[in-house]
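Report on the structure given below.
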Amino acid sequence: MSIGSLGTEPFDVVVVGGGLAGLCATLAAAELGGRVVLLEKMPALGGSTVLSGGFMAFADTPMQREAHVLDSNELLLQDLRAVAGPDADEELLRAYANGQAQLHEWLLSKGVRYAGLEQSSGQSVARSHQTDAREMLEKLTGQIRKYPQAKICTDSRAMALIRTELDGPVASVEVERGGSVERIRCLGGVVLASGGFSRSEALLRLFAPAQAQAVRIGGAGNTGDGLWLAWKLGAGVRDMAQIRGTFGTHPDCTAEQHEILLAFYLGAIIVNLEGRRFVDESQSYKVLGDACLAQPQQRAFQIFDQRVMDKSSPGVPLFDFQPALERGLLVKADSLEELAARCGMDAKVLRACVERYNAGVDAGFDQDYGRDGLCHHAGALCRLDQPPFYAYLSTTALLATYCGLHVDALARVRDVYGEPIEGLYAAGEITGGFHGQTYMTGTSLGKAAFFGRVAGINAFRRSRNGAASLQVGGPASASINVKRESE
Ligand SMILES: Cc1cc2nc3c(=O)[nH]c(=O)nc-3n(C[C@H](O)[C@H](O)[C@H](O)COP(=O)(O)OP(=O)(O)OC[C@H]3O[C@@H](n4cnc5c(N)ncnc54)[C@H](O)[C@@H]3O)c2cc1C
């Protein structure tokens, strides 16, 4: 989708990165009439977004109400706080909880559709609204194309951010396109939406040495470029010590073909290669990811029976087990003994483990690991006793880096002293402060879309009056709750 020369006229907004955050920023700025350019370094848009399961965390939606799921902004906020822990940025969590309903409506108004609802990591009710990520990106791209003043440039890599003067606002971006470097001026601001660094071994060695054995799955362009660009200007960071992989990926998976199953949130137990449980399976899959990395060979099995298999949701990523069976990744056996033999475990150890777990289910108390629900303390535990039995070999995969630039609820990047860097905004996986210690499914895409939109609006507004800023946009239109930067 490469477009010719970018010309010499300044843009209102320059967006770096063509995943969900970048597309939402671009569309939001374009809708307001902004002259905006999106730079994507790869030949195609998509980033990690296009690889994702497409789950987005929304609360109190029509889909939830139809499914009799009681949810609210308050419950969402409570869960976000619980998974993030004490260091999370309350301002960001509140902004998301209060604004997610408007975001949901805005995305629906752009043609984004949600096909299913699941309960997953960190959610006390079913809150993961599942969309087809590729289709969502196509819808947003189609909307952007309606605005002639908005440009999308692939094969265009942001190389440097230029300020007007030392400590002055960010006013232009150096971009490498077609073998040469050009400088683009911007009046409002630059939105960094260049994703995380799950594909940068150098940064992972620096910030996440404990994840050395985790499989890497993420957009090929997610090498942390935006972080380097912002660090050079003195940007602060949040949550850098909180990078954790996700449990549930088959070890043979690659970025191009991955099969993540979360049978443990439907009732499976997790055992190590010896056939012994080692963790409360209802916790965040980031906690489970760390626990798995501490086991022999950094591998474990999800063990379940036909009762759990019957809860599988056809066509829903993470919860559809049949394709894994058809691809030969899921082991099936008529008895626990046969299953153990096929997985190379001692049958007596596995049987003893399952019987002890079942006894705990009967007694209403898991004496070994305190599991009190299927997922995040919710859902009744169920015995594993209905043959056939299944085993899914799993390990930990780094899907996202969950940490990064210090931003405020207006998506402004803050420097190491907490002061906004004028003209610099960031959204999506490049930002920190939101996920904290663990993770709620659907909040990576959720925060990318939400703060992407906020960033696009704010960067545009700055181009027009320099000072006024906005917190969240209105539902489908551009009606907005105005908030002054000085507030
Ligand atoms: C397998 C998998 C499953 C996942 N499932 C879910 C899920 O179901 N729900 C959820 O909430 N999250 C999920 N995630 C995480 C989520 O997909 C990401 O955190 C989110 O998509 C990040 O969006 P983004 O727009 O910030 O970045 P990305 O979508 O990664 O986009 C960033 C873009 O910036 C580009 N870029 C980088 N540097 C430059 C540069 N210098 N110049 C120009 N462009 C640049 C990159 O090439 C990339 O295209 C999953 C991730 C993976 C890998």
Side-chain angles (χ1 to χ4, degrees), residues 14-26 37-58 118 120-122 127-133 136-137 140 153-161 173-177 190-200 215-230 245-246 248-249 253-260 262 285 316-319 397-405 426-431 434-435 439-452 455:
V14 177
V15 177
V16 178
L20 183 59
L23 288 174
C24 288
T26 306
V37 61
L38 182 152
L39 308 171
E40 166 55 54
K41 75 176 182 186
M42 302 299 283
L45 302 176
S48 284
T49 305
V50 79
L51 302 175
S52 78
F55 290 103
M56 298 185 76
F58 296 117
E118 299 288 340
S120 188
S121 185
R127 186 182 285 141
S128 292
H129 294 67
Q130 202 261 324
T131 187
D132 179 323
M136 171 166 63
L137 295 176
L140 294 170
C153 302
T154 51
D155 289 310
S156 303
R157 176 181 181 153
M159 305 285 290
L161 302 173
V173 179
E174 267 182 13
V175 50
E176 186 187 39
R177 308 177 73 226
V190 176
V191 177
L192 292 176
S194 50
F197 53 92
S198 59
R199 301 298 290 272
S200 164
V215 175
R216 274 69 164 123
I217 300 178
N222 290 30
T223 49
D225 296 12
L227 288 171
W228 293 100
L229 299 182
T246 296
T249 308
C253 288
T254 59
E256 292 68 36
Q257 187 158 40
H258 47 268
E259 195 83 63
I260 305 168
L262 306 184
Y285 44 48
V316 179
L318 315 182
F319 295 99
L398 210 49
L399 308 180
T401 37
Y402 310 101
C403 60
L405 299 179
E429 201 180 309
I430 190 177
T431 62
F434 191 88
H435 304 297
Y439 178 67
M440 180 193 292
T441 303
T443 52
S444 276
L445 292 175
K447 86 168 184 183
F450 181 79
F451 291 105

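Values below: every heavy atom of this structure, side chains too, minus hydrogens, waters and symmetry copies. Note that ligands are numbered from 1 as they come in the structure, with each ligand's atoms numbered from 1 the same way.
Those atoms of ligand 1 with a heavy atom of N222 less than 4.0 angstrom away are 30 (O), 46 (C), 48 (C). Annotation for ligand 1: atoms under 4.0 Å from non-hydrogen atoms of M42 are 47 (O). Atoms of ligand 1 lying under 4.0 Å from at least one heavy atom of G46, given by number and element, are 29 (O). Short contacts between ligand 1 and G428, defined as distances under 4.0 Å to a heavy atom of the residue, involve ligand atoms 26 (O). Residue G18 has at least one heavy-atom neighbour below 4.0 Å for each of these atoms of ligand 1: 33 (C), 34 (O). Against a heavy-atom cut-off of under 4.0 Å, R157 is close to the following atoms of ligand 1: 41 (N), 42 (N). Interface atoms of ligand 1 facing Y439, defined by a heavy-atom separation under 4.0 Å, are 10 (C), 11 (O), 12 (N). Of all atoms in ligand 1, numbered sequentially from 1 with element shown, those under 4.0 Å from a heavy atom of H258 are 1 (C).
Contact annotation: for L39 versus ligand 1, heavy atoms closer than 4.0 Å belong to the backbone alone. The proximity of S156 to ligand 1, defined as any non-hydrogen pair under 4.0 Å, is limited to the backbone. Neither the backbone nor the side chain of V175 comes within contact range of ligand 1; no heavy atom lies under 4.0 Å.
In terms of polar-atom proximity, I260 is not counted as a contact of ligand 1, lacking any N or O under 3.5 Å from an N or O of the ligand. For ligand 1, the polar-atom distance check against A158 finds a nitrogen or oxygen pair separated by under 3.5 Å. At a 3.5 angstrom cut-off on N or O pairs, T441 does not count as close to ligand 1. Here's the thing with G53: one of its N/O atoms is less than 3.5 angstrom from an N/O atom of ligand 1.
Among A44, S120, P43, A193, the residue whose heavy atom lies nearest to atom 32 (C) of ligand 1 is A193. Distances from atom 40 (C) of ligand 1 to the heavy atoms of I430, D225, T249, T443 put D225 nearest.
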Output, in order, the C-alpha distance, side-chain angles, deciding distance and verdict of side-chain contact (heavy atoms from CB on, under 4.5 Å) for F434 and Y402. CA-CA 8 Å; F434 191 88; Y402 310 101; over 6 Å; no
Should L39 and R157 be marked as a side-chain contact (heavy atoms from CB on, under 4.5 Å) after you check the CA-CA gap, both sets of side-chain angles, and the distance that decides it? CA-CA 7 Å; L39 308 171; R157 176 181 181 153; over 6 Å; no
Determine whether S198 and N222 satisfy the following criterion, side-chain hydrogen bond (donor to acceptor under 3.5 Å, both in side chains), listing intermediate values before the conclusion. CA-CA 6 Å; S198 59; N222 290 30; 5.1 Å; no
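Under the 4.0 angstrom criterion for non-hydrogen atoms, A133 is not in contact with ligand 1. The closest approach between a heavy atom of W228 and any atom of ligand 1 is not below 4.0 Å. Ligand 1 is approached by V16 to a heavy-atom distance shorter than 4.0 Å.
A distance-only check finds no donor-acceptor pair linking the side chain of T401 to the backbone of C403 [under 3.5 Å]. Of the possible polar contacts, none joining the S200 side chain to the F197 backbone as a donor-acceptor pair under 3.5 Å is found. Between the side chain of R216 and the backbone N or O of R199 there is no donor-acceptor pair closer than 3.5 Å. K41 places a side-chain N or O within 3.5 Å of a backbone atom of G221 that can act as its donor or acceptor partner. Judged by distance alone, the side chain of T26 and the main-chain N or O of G22 form a donor-acceptor pair under 3.5 Å. A donor-acceptor pair is defined here as one N or O able to donate and one able to accept, closer than 3.5 Å; no such pair exists between the side chain of T443 and the backbone of G446.
Using modelled atom types, one finds no donor on one side chain facing an acceptor on the other under 3.5 Å when comparing S120 with Y285. Residues R177 and S156 bring a donor and an acceptor atom of their side chains to less than 3.5 Å of each other.
Regarding atom 8 (O) of ligand 1, its nearest protein heavy-atom neighbour is F55 N, 3.1 Å. At the shortest separation from atom 17 (O) of ligand 1 among protein heavy atoms lies S52 CB, 3.3 Å. Nearest non-hydrogen protein atom to atom 27 (O) of ligand 1 is G195 CA, 3.6 Å. For atom 47 (O) of ligand 1, the nearest protein heavy atom (residue, atom name, distance) is E40 OE2, 2.7 Å. The protein heavy-atom contact nearest to atom 15 (C) of ligand 1 is S444 CB, 3.7 Å. At the shortest separation from atom 25 (O) of ligand 1 among protein heavy atoms lies A21 N, 2.9 Å. For atom 45 (C) of ligand 1, the nearest non-hydrogen atom of the protein is K41 CG, 3.8 Å. Taking atom 28 (P) of ligand 1 as the reference point, the nearest protein heavy-atom neighbour is S48 N, 3.5 Å.
Each of D225, L192, I430, V191 was compared with V16 under the side chain to side chain contact (heavy atoms under 4.5 Å, CB included) criterion, and only L192 meets it.
Annotation: side-chain contact (heavy atoms from CB on, under 4.5 Å) contacts of A448 (sequence neighbours excluded): L20, A21. Residues passing the side-chain hydrogen bond (donor to acceptor under 3.5 Å, both in side chains) test with S444, sequence neighbours excluded: Y439.
To the nearest 0.5 angstrom, I260 atom CD1 is 10.0 Å from S52 atom OG.
Annotation: side chain of V175 is not in contact with side chain of M159 (no heavy-atom distance under 4.5 Å).
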